[in-house]
Amino acid sequence: MNNDILWLARLGLDQGLFTRAQCLQVRQKLGASADLMAFAQELIDGGLVEDVEKLELIAGQAVAKAKGGPPPNDPFATTGTPVTPTPAIASTTPAASAREPAVTGAASIAFDAVAKMDAAALAGAMRTLLKSTAAQGASDLHLSTGARPFIRKQRALAYLSDHVLTAEDALRLNTALLAESQKKIFLERKDYDYALAVSAADRYRVNLMFHKNGAAGSYRMVPAETRTLDQLGYTNHLETLKKLLSYVIGLILIPGPVGSGKTTTLASMVAYLNETRTDH
């Protein structure tokens, strides 16, 4: 396999992010020619890794280390460490007995009955699901082919159902709220970003895409109100931020990992500008 995948496996094993058996399982499914992104995505989609932020971090480290060659020890080698590879199965999702139990209260769709719902019923169920997910305090909803539906709450993942979405399930769910013109664009481009307003107070930023197994959708909850910089905890640095925002020209970068508050911070900064300046 590629040096970057070897390093990803090595670093992940050393940090206890996944097991050698799980690495072998993913390699068995994807083959020896898979690239780093496909390998990492399969770990996520298969429910083998839940700490996505940590996986992203070691993936970056793996790319850097791969430039110097492979790791000294093959992480896929089983010599000296008996490993029983997981048998090849249709889905790489862990067995029901090994899964985290699905959260209750957030799921508003019988995901195993999606194929039986008509278009109107499915659209209504999706609207209810989005509202109830937001009411749970979640920041994101994910509906992806080959994976269980899950939400992200305070950067932790929680599953809504034990049902693994088929390609048809995921496509119907993620296009249920699209107009025909939008659906046509998505199917042609295989990628589509749009803003969704279920009501005046329920707004979402949506990314739809196709991965190797089928359709997937990510729904980011947009807060109804924009918090101030002070409310976000920038009290000790408020004067510095206000000075940055007073400049007529320049560029302010807001970097950070997934879920760290980049968009929330940007929205607060724009709100401050709207209150203090009359620029276009």
Side-chain angles (χ1 to χ4, degrees), residues 37 40-41 44 49-61 63-64 106 126-127 129-144 150-158 174 177-179 182 185-186 189 191-209 211 216-280:
M37 292 304 295
Q41 191 63 51
I44 297 171
V49 170
E50 295 184 358
D51 192 339
V52 178
E53 181 181 344
K54 188 173 183 179
L55 182 62
E56 291 174 346
L57 176 62
I58 68 170
Q61 295 172 345
V63 171
M126 272 295 294
R127 293 188 185 95
L129 173 64
L130 287 166
K131 289 181 179 180
S132 62
T133 301
Q136 292 281 325
S139 61
D140 302 85
L141 167 68
H142 297 274
L143 303 171
S144 178
F150 66 91
I151 60 173
R152 188 186 304 273
K153 183 176 180 180
Q154 296 179 347
R155 302 175 71 178
L157 305 185
N174 287 304
L177 299 178
L178 294 181
Q182 293 176 306
I185 293 173
F186 172 47
R189 298 179 181 175
D191 187 270
Y192 189 59
D193 294 321
Y194 73 104
L196 173 64
V198 175
S199 69
D202 295 288
R203 297 183 298 126
Y204 310 87
R205 204 174 68 207
V206 186
N207 168 251
L208 304 180
M209 50 86 74
H211 57 66
S218 297
Y219 300 78
R220 169 62 59 88
M221 315 300 162
V222 179
E225 297 182 358
T226 301
R227 286 178 286 176
T228 66
L229 291 167
D230 196 22
Q231 290 173 328
L232 292 181
Y234 290 116
T235 305
N236 293 336
H237 305 284
L238 203 54
E239 294 308 312
T240 301
L241 289 175
K242 288 181 178 180
K243 182 177 180 180
L244 287 173
L245 293 168
S246 70
Y247 293 128
V248 178
I249 59 173
L251 181 67
I252 299 175
L253 301 180
I254 311 293
V258 174
S260 61
K262 299 184 295 295
T263 302
T264 302
T265 300
L266 284 168
S268 183
M269 294 173 80
V270 170
Y272 176 79
L273 290 177
N274 287 335
E275 294 170 356
T276 58
R277 290 164 62 161
T278 57
D279 301 353
H280 176 63

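In this chain, residues are counted from 1 in sequence order.
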Are any non-hydrogen side-chain atoms of Tyr247 and Ile252 less than 4.5 angstrom apart?
no

State the CZ-CG distance between Phe186 and Leu208, to the nearest 0.5 angstrom.
5.0 Å

Looking at every non-hydrogen atom in both residues, tell me the closest pair between Asp140 and Thr133 and how far apart they are.
O-CG2, 4.4 Å

Can you find a heavy atom in the side chain of Thr263 that is under 4.5 Å from one in the side chain of Arg205?
yes

Of all heavy-atom pairs linking Leu157 and Phe150, the shortest is CD2-CE1, 3.7 Å

Can a donor-acceptor pair be found, under 3.5 Å and without considering hydrogens, that links the side chain of Tyr272 to the backbone of Leu229?
no

Gln231 and Arg227 have their tightest heavy-atom pair at OE1-CA, 3.3 Å

What are the two closest heavy atoms between Ser144 and His211, and how far apart are they?
OG-NE2, 2.9 Å

Please list, chain by chain and in numerical order, all residues satisfying salt bridge (charged side-chain N to carboxylate O under 4.0 Å, His left out) with Arg277, sequence neighbours excluded.
Asp279

Is Ser268 reaching over with its side chain to a backbone N or O of Thr264, donor-acceptor style, under 3.5 angstrom?
no

Could you please spell out the steps behind the side-chain contact (heavy atoms from CB on, under 4.5 Å) verdict for His142 and Ile44?
CA-CA 12 Å; His142 297 274; Ile44 297 171; over 6 Å; no

Measuring from atom CG of Leu266 to atom OG1 of Thr226, what distance do you get when rounded to the nearest 0.5 angstrom?
11.5 Å

Using side-chain contact (heavy atoms from CB on, under 4.5 Å), reason through Leu196 and Leu130 one step at a time and then give a plain yes or no.
CA-CA 10 Å; Leu196 173 64; Leu130 287 166; 3.6 Å; yes

Considering non-hydrogen atoms only, spot the tightest contact between Gln182 and Leu177 and give its length.
OE1-O, 4.3 Å

Do Lys153 side-chain atoms and Gln136 backbone N/O form a donor-acceptor pair below 3.5 Å?
yes

Strictly distance-based, threshold 3.5 Å: is any side-chain N or O of Ser218 a donor or acceptor partner for the main-chain N or O of Asn207?
no

Approximate separation, where rounding is to 0.5 Å, of Leu245 CG and Met269 CE
4.0 Å

Could you go step by step and tell me if Met221 and Tyr204 meet the side-chain contact (heavy atoms from CB on, under 4.5 Å) rule?
CA-CA 5 Å; Met221 315 300 162; Tyr204 310 87; 2.9 Å; yes

Side chains of Asn174 and Tyr219: donor-acceptor distance under 3.5 Å anywhere?
yes

CG of Asp191 to CD1 of Ile185: how many Å apart, nearest 0.5 Å?
12.0 Å

